[in-house]
Amino acid sequence: MPDVRNLNEAESAVPGTLATLAALTVHDSVRKAAAELHIHHSTLQARLVHANTVLGYEAQSTTGRARLSLALAPRRIHLNGDLP
């Protein structure tokens, strides 16, 4: 799955990218996601520039958040091992 590979690539290049993107999927604003991560919203915006380049889409857009959520799900399942 290309989107999952891109997530892994983004995290390898800049550790913490996945936490940033995950926070973005559960909050309706960049400021709220930044607050969860205890960083300034401009820092989160800067992280998104890198992530968006690697992902190939704007993660903070409505469709980007949906696509990101769908890419994070199989990655989480894989990290947690086989399902019963």
For a 4.5 angstrom cut-off between non-hydrogen side-chain atoms, does [X] reach [Y]?
| X | Y | result |
| --- | --- | --- |
| Leu44 | His40 | no |
| Leu48 | Leu21 | yes |
| Val26 | Glu36 | yes |
| Leu68 | Leu7 | yes |

Any donor-acceptor pair under 3.5 Å linking the side chain of [X] with the backbone of [Y]?
| X | Y | value |
| --- | --- | --- |
| Arg65 | His27 | yes |
| Glu11 | Gly16 | yes |
| Arg47 | Thr20 | no |
| Asn52 | Ala59 | yes |
| Thr17 | Ala13 | no |

I need the [X] [atom1] to [Y] [atom2] distance, nearest 0.5 Å.
| X | Y | atom1 | atom2 | result |
| --- | --- | --- | --- | --- |
| Asn8 | Asp3 | CG | CG | 11.0 Å |
| Leu18 | Leu72 | CG | CG | 6.5 Å |
| Arg31 | Ser42 | CZ | OG | 9.0 Å |

Nearest atoms (heavy-atom pairs only) where Ala22 meets Thr25: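 Scanning both residues completely, I find the closest heavy atoms to be O-OG1, 2.7 Å.
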